[in-house]
Amino acid sequence: RYVASGAASFANNITANGKIVVNNTADASRASSAVSGNASIYTKGGIEAKLNIYSGGDIIGRNNGTYSLRSLKENITPFKKSAIKLINDVKIVNYNYIADPEKNHKVGFIADDTDELLATKNHNIMDQSNCIGMLLKAVQELSGEIKKIKEEINELKSNNTTSGKE
């Protein structure tokens, strides 16, 4: 049985052994914009929604992406800070989730202790888009440093060769 209020489309199957609630309330305890219970959503297309999904289990997908079109963004400026310094300041830890009965080993950081560029303003979740952007920026910085070092090595080799011929 499907119940919808407002605009809804069920072109694909929704399989649920529990309930799926998507609504407009800000009260998270009332399953606001969340999939709750033992539920699965299967779709051949995509699901576009402004919602939070809280999961005590795994969320698995074949493709997970964030829109990154220029037309969706504003205030676009180059990132000037050192990504290497920011990353070096992150304390990497071993841990497991309290709610995980299998106590699966994880490696990562504690959002409470990490810069808001990586852990959001509330320091409560890992901002994956920012983490990926920061990692790419750090690789660019390291590539620049490697290029400079190679140039210095070549210059030293050249000077050494030149001074040996005199």
Side-chain angles (χ1 to χ4, degrees), residues 4-8 14-43 45-149:
S5 175
I14 296 177
T15 304
N17 182 13
K19 65 180 180 177
I20 298 174
V21 178
V22 178
N23 61 33
N24 228 356
T25 180
D27 182 0
S29 67
R30 292 173 42 202
S32 170
S33 301
V35 175
S36 64
N38 183 10
S40 299
I41 299 175
Y42 301 96
T43 178
I47 297 174
E48 284 193 42
K50 223 176 179 181
L51 55 83
N52 294 320
I53 299 175
Y54 300 95
S55 172
D58 295 328
I59 298 175
I60 300 169
R62 288 187 307 180
N63 187 9
N64 179 14
T66 303
Y67 284 110
S68 190
L69 298 169
R70 179 178 297 280
S71 62
L72 299 175
K73 299 175 181 182
E74 61 184 5
N75 303 318
I76 301 169
T77 60
F79 184 77
K80 300 285 187 182
K81 293 182 181 179
S82 169
I84 294 171
K85 179 180 179 346
L86 188 81
I87 289 170
N88 283 338
D89 288 345
V90 175
K91 294 179 184 85
I92 305 300
V93 297
N94 295 296
Y95 66 93
N96 62 270
Y97 286 106
I98 294 168
D100 180 0
E102 297 174 8
K103 304 298 181 198
N104 291 304
H105 176 255
K106 303 285 184 185
V107 176
F109 62 78
I110 305 300
D112 316 53
D113 305 331
T114 304
D115 189 287
E116 70 181 39
L117 286 172
L118 301 176
T120 71
K121 288 182 182 180
N122 294 329
H123 294 272
N124 61 343
I125 60 173
M126 180 177 73
D127 186 325
Q128 293 180 347
S129 293
N130 277 4
C131 286
I132 292 169
M134 207 60 64
L135 291 170
L136 291 170
K137 176 71 172 154
V139 168
Q140 291 173 343
E141 291 174 20
L142 291 170
S143 292
E145 288 182 23
I146 290 169
K147 182 180 178 185
K148 286 179 188 175
I149 291 169

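- Between Leu135 and Ile87, some side-chain heavy-atom pair lies under the 4.5 Å cut-off.
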Mind listing the side-chain donor-acceptor pairs of residues 139-147 below 3.5 Å, one per line with the distance, residues two or more places apart or on another chain?
unit_1, atom_1, unit_2, atom_2, d
Glu141, OE1, Ser82, OG, 3.4
Glu141, OE1, Ala83, N, 3.4
Glu141, OE1, Ile84, N, 3.2
Glu141, OE2, Ala83, N, 2.8
Ser143, OG, Val139, O, 3.0

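- Pairs passing the ring-ring contact (aromatic ring centres under 6.0 Å, His included) check and including a residue from residues 97-149, sequence neighbours excluded, read Tyr95-Tyr97.
- Between Asp127 and Asn130, the closest heavy-atom pair is OD1-N, 3.0 Å.
- Counting only heavy atoms from C-beta outward, the side chains of Leu117 and Leu86 approach each other to under 4.5 Å.
- Closest heavy-atom contact between Ala119 and Ala111: CB-O, 3.5 Å.
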Show your working on side-chain contact (heavy atoms from CB on, under 4.5 Å) between Leu118 and Val90 and close with a plain yes or no. CA-CA 9 Å; Leu118 301 176; Val90 175; 3.5 Å; yes
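- Within 6.0 Å of the CD1 atom in Ile76, the count of heavy atoms belonging to other residues, nucleotides or ligands exceeds 12.
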Does the side-chain hydrogen bond (donor to acceptor under 3.5 Å, both in side chains) test come out yes or no for Asn104 and Asp100, once each step is laid out? CA-CA 7 Å; Asn104 291 304; Asp100 180 0; 3.0 Å; yes
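- Within 6.0 Å of NZ on Lys103 lie more than 12 heavy atoms contributed by other residues, nucleotides or ligands.
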